[in-house]
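Below, chain A is the first sequence line, B the second, and so on; all start at residue 1. All values reported here derive from a predicted model rather than from experimental measurement.
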Amino acid sequence: MAASILKVVGIAKSFGGVQALKGVSLEIDAGEIHCLAGENGSGKSTLIKVISGVHEPDAGSIEIVGRRLSRLSPMEAIALGIQVIYQDFSVFPNLSVMENLALNMELMDKRALMNWGRARAIAAHAVSLIGFEVDLDERVENLSVADRQLVAICRALLHDSKLIIMDEPTSALTKKEVKALFAVIKSLQSRGISILFVSHKLDEVFEISERFTILRNGENVAAGSTEELDHRTFAFHMTGREFAEASYKSDRAPGPPVLSVKGLSQVGSYEGISFDLAQGEILGITGLLGSGRTELVETLFGISSPDSGSIEIAGREVRMRSVKDAIALGIGYVPSDRLTEGLFLPQSIERNAVIGVLGRLCNSLGLLNRRAVAELMSKWIAELSIAAKDPSLPVKTLSGGNQQKVVLARWLASELSVLILNGPTMGVDIGAKYDIHALMRELASKGLAIIIVSDDLPEVLACASRILVMRDGAFIQELEPATTTESRLGELSTGVA
Amino acid sequence: MQSTVKPAIPAKALAGRDQNLLRLLVMLVFVFGLMTVLRPNEFATLADFNSMMRQFPEYGIMAIGISLTMITGGIDLGVVGTANLSAIFAAKFLIGAVPQGAPPEQVLPYLAAAVAIALATGLLCGAFAGLLISRFRIPAILATLGTQQLYTGIAIGITNGRPQSRLPLLYSTIGNTEFFGFFPLSFVIYCAIAVGIGLMLSRSRFGTCMYMLGTNAKAARFAGLNNASIIIRTYMVSGILSSVAGLIMMARANSAKADYGAPYTLQCVLIAVLGGIDPNGGFGKITGVTLAILILQFLSSGLNMFNNISNFYRDVIWGGVLILVLVFNRLFSIRAERRAVRRSMA
Amino acid sequence: MISIRSMTRRSEPYVFAAIVALSLLIQARSGQFFTGNNLVDLARALIVPALFSIGCMLVIVSGGIDVSFTAIASLAMYVTDKTLLASGYSGSVLLAYAMSGALGLLMGALNGGLIGFLKLPTLVVTLGTGSLFTGVMYGVFAASASDVPPAIAAHGKQTLFTAVNLESGLTSNMPSQVLILVGALVLVFLLIRYTMLGRGIYAIGGDEAAAERAGFSVAWIKLFLYSFVGLLAGITGVARISMISYADPSTMLGMELTVIAAVVLGGTRVTGGLGTLTGTIFGVTLMTILANSLILIGIPTYWSRVFTGAVIIVGTGVSARQIGSARRRVRTLQKEA
Amino acid sequence: MKRSFVSVLAVALVFVLAVPLFGQSYDPMKFKSSKPQAAWKIALVPKDATNAWFVRMESGVKRYAKDTGINVFQKGPPKTDAAMQAQVIEDLIAQGVDAICVVPVDPSALEPVLGKALSKGIVVIDHEGASQQNCLYDIEAFSNEGLGQALMQVLAKSMGEKGTYTTMVGNVTNASHNEWADAGVAYQKAKYPNMTLLAAEPRVEIMDNLDTAYQRAKELFKKYPDLKGIFGTSSLSTPGTARAIEELGLKGKAFVTSVGLPNENKPYLKSGTVQAVMLWDSAEAGYAMLATAVAVLKGEKIANGINLKGKGWESMTFAPESTKVLLGKSWISITKDNVDSFGF
């Protein structure tokens, strides 16, 4: 094999008190497609940022094309031929597709003037690389998420790169787009460009990569040739457990439905959705981004209203005009985007946790009873094992998992009959992930009806007692976790067998 | 294990917001000391304190109103318009309703009714602004710029711009009462409002909701807060406070007029900002606002004692101090962050 | 191809429709709107607010807000005016523009430095510097209304052409300062359209972190931006006093809020990233027509503010609703990202 | 029961806590100062600190200080605002000045604070505030009526005593501007039957801004082709309107007059667009106010014919039925012939 294009050894990096990387090594050869796998929170993203010069490692060495570097700036990394397509795309929502594609190139060339003819040529060339059809003059904020990601991919392809790092590039793509992308990746490889492909989807790892590296909890756990890998070992390396989680089964006798949805439709979002949800049940809803899953559960929480269909709670038809109505009906919701929808980042942990139950913590004068607040808070910290030293600190000082627990805590004090969790463990470290899963089961076994919306298929398989697959705004299949597999779920949600 | 997470930044650095109060206090003491040293026979005198206590409540109360709206992430530029419109309604009522030469005990119920009219006007003015912002999604700065024009316009329209004077004597007599011959009624009202609003912000459900809404409106919605109602109520409180300020101005001027105190609007925004109210919403305390008001009043009264120094040096010092405090805070927080990172690495 | 969908998403058509409606109303009430001399009068009244609005739009596009530009314009023009008067200068007016512009640039650079390099919040910084500059003008320079030097007075008499209303015989002169507005529009158009600097301003307003990552020097762009706005303000100050041959230090103070309102009315997104020169000029035109046609419409003086306030509220309300509903669907898509 | 409690409370409030505010008449002779003249401190409070008019007034104050050696100074609010002016006076009272001379933004708004000053033994002298109750004397260059009439005479003469006119004030909330305009209109109704006030827009405001005056004048002449005259009160009315008249090509067909400063109006007086503007020299007015205050402090009797030492203020007379308002004969008509002789 050719000489290594990238070699990092013993990289360590911590943020505040969190050790994200504990001495990770990774080697990529020229012209190789290498897969970096690991669960959310395993340190993948941090490693990418170290390689691309965004973070300076606390320890370890980086060697690019045989050059050993002690410090690396983002610009140097780009100059050395390293391109990253981040998960958040780093696009300018307010600018046109053309500009998003051309600006970086022009900046790299240190141009002071904007030549629109050249920009159009660059952009046209960029989209042609993956056969991406898009109106170059459309503002990026008006594109679908998938198209925005393609813009980011096209932009990275423009550079004369030696190594392109793709951070979970396929999470929002259809099978057709994935195929097109893989074709592009192969063609890049044939030109001698290396690809570091970050993914936690086994199928993709098998299909595209030659070698793999798996991280868990900030450490290397496995590396080698993809051919040697099978489902079982892959899952084991990723989770560190051998199918530790048995699928959840409600031990209650099926009672009358708590929540019953009949023919619910919202134009442009979802259509003809019907299902029942019983006490003690955990219903998993899975589907791709844009499948209508978020719009559906937001409707159930009173954020938007349906155009037709009905919602029944405990057998009575209800109309929810606002979130307040939904809460009054005993519905709780943990939103998908914790940072912008779930939390008040600069406010204290305490305030974030008690915001939902403030009314109950007031004395007869309407003033907050500080002692009651403190007592409730310490109860939660203990029950949910939230790692918070001082509840008066801003919630942003917590790790993702603990932040999510704070959001959950908000609902635990309320009288809930239905709890909806949208992406409950996105960006949550593994320890906290299992904590949250255990908590969901415990709540369900006490009689709460739970809906989880997730595209983390192992999670859905492990937690849900019943799974509904959603595609293009409709339920296409109901499955029993015990009798289905991850790949079957994947096929159903992407629509490609 | 991973879950023993230490906070990324130590608690001390994050207490920076209270450091801001400390800095304001230092500044207040400095201004006070400076004026006392330079004008020993005039500044730190009872007469001067009395004079200052009579001056700041009217704009101070409006500054508290603006501060509340800024905590929820908005702004209320309509406070002065609301104050004058409320006062004009009250004055029109008094002038029209109170019989000439009536004895005080007969006038008193009219005064109570006039106060009620003013407060109701303030409440409605605020509610309207809140409605525009929450339901019609008009940016607060535009909505209240509009209401300011509207309220001042109505005030001019119904008075033709003339002062509404010849109020019953009793109104300004009561309005200019000095308790123990020293504490003006307006000062007492200010203190009551500052304490009340301070308590509301720090201890009540509504106050907490205001901070949360100002931090992240979307998350507030997902947490089940009724954002529209919180916004409307906040502007209603701001409106009521403005009408109280209007009543105080009416007592001090013994008349009501459409344009009393027009320059107070920007001054109040400045006070709120220097007092540590975050213009992006979510943070700030009435203690800070009160300190900022006192600093401004000390500066203003102090400079009035220098015959050859223009009043406008107040603006210079005021703007300069604001910038310096910002720069200082910024440099301080950069240093604290660096130190925190260094410590966490060690 | 410009689809109808993308047209309804912009606010320019609504503002333009409002301008047309208001014009027709004025025409109906006075018969004077579509006359040469009235249009020239409006163009003249437009010059100063439009010059301010250009800078204001750029700042809002970058994600900031500036309330100090009128203070900058006033102080820069006042110092220039007094200096030239004291020195008995009688040469070209260009020196006045250059001097006032340079002073404005320096003051703007102070804003830019604080905002760009120390990353301080823009509203607070400009409130502070605005107060500082006003205070310096009135306190240190003891400003009061003053004459203008001969160079500026002569410049004020230059007219491009005279429009005659054949019916009434009234004439109005188009002041030469309108060329400055045209020049500024062309310059800023070129800046935001054809330079990386200009695109950088938009990029910062779209996503500051992404701009940094793409290689824009965010701090320097902000320094440039606020300095440029200062420069423009300084020039506007001289244009203002020359048109009326009278240097009143208070003549521009307090305009900042109406200018910001006009810019937002013209479709510039308050949170940054979006804004066009066309929209801005539409917005400021609407506000100028409104402010200078109340007598023509026949609104009694005593009720003029009520009318203005109502138009601001209704105008921004309609535009906020229209754009809001068009954007809602896109937002749900974005949310999932 | 309840009712009597309320009335007792009210009466108690009035008698126990009240600061004497109104209806109090003060004997100026009791304000004779026992302090040596060198320790006196006299403040003059203008409407605002930046208007050219009051900057001119300050020059009179400085001259007075130089002439007499008494500690006199001018201290105004940053903006023309009644509430802010009251605050400046509050501070001056707290400092213990011996006399306050004031040009009130709004006389009624200052009653309480000036009442407080008088009750503390501070001499209060007004100017342009004939309606002020709480002052010892109010000195006027001439009566508000007199000025209104004089301005109307100028305008009527320019217009040939016939045609439509309207009034233009600095702000509709400006008290003295409204009084002058009212007096002018009343005088026209009595004396010039062939002139008519524009019914649709009887009062226009220019926000104390020259550019606005110019814009409003243009609008008026466009909308009302019959309009021949503008009766201005603000010193900015004439230069703004005259500029509009010249530009619209209405010179000789439309006319304007107002209070005004020589320099600001010189070009229009010279070109003949404006026949005359009215003026009393604010420097002299300031000088005369201080002289009045000093006379009171010295215990001198103020009587008809008193000489306040300013130009045009040499022989003052009480207004009819008043012991407070002193009228001078200090108004000056500025025309193209004398405009160069002022130097300001």
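Counting heavy-atom pairs closer than 4.5 Å to chain B, the top-ranked of the candidates A:P335, A:A326, A:C362, A:G356 is A:P335.
Looking at B:A217, neither its backbone nor its side chain comes within 4.5 Å of chain A, counting heavy atoms on both sides. With a threshold of 4.5 angstrom between heavy atoms, A:F301 approaches chain B through side-chain atoms but not through N, CA, C or O. Heavy atoms of B:Y211 lying under 4.5 Å from chain A belong to its backbone as well as its side chain. When heavy atoms are compared at a cutoff of 4.5 Å, A:R351 approaches chain B by way of both its backbone and its side chain.
Between the side chain of A:Q347 and the backbone N or O of B:G282 there is at least one donor-acceptor pair closer than 3.5 Å.
In this structure, CE on B:M212 lies 9.0 Å from CG on A:L343, to the nearest 0.5 angstrom. Taking CG from A:N352 and OG1 from B:T215, the interatomic distance works out to 8.5 Å, rounded to the nearest 0.5 Å. Of the inter-residue distances, the one linking B:S204 atom OG with A:L358 atom CG reads 9.0 Å to the nearest 0.5 angstrom. Interatomic distance, CZ of A:R338 versus CZ of B:F222, reported as 14.5 Å (0.5 Å rounding).
Across all non-hydrogen atoms, the minimal contact from B:F283 to A:P346 is CZ-O, 3.4 Å. Across A:G342 and B:A219, no two heavy atoms sit closer than the pair C-CB, 4.2 Å. Between B:A223 and A:R410, the closest heavy-atom pair is CB-NH1, 3.8 Å.
Between B:N216 and A:L345, every side-chain heavy-atom pair lies at or beyond the 4.5 Å cut-off.
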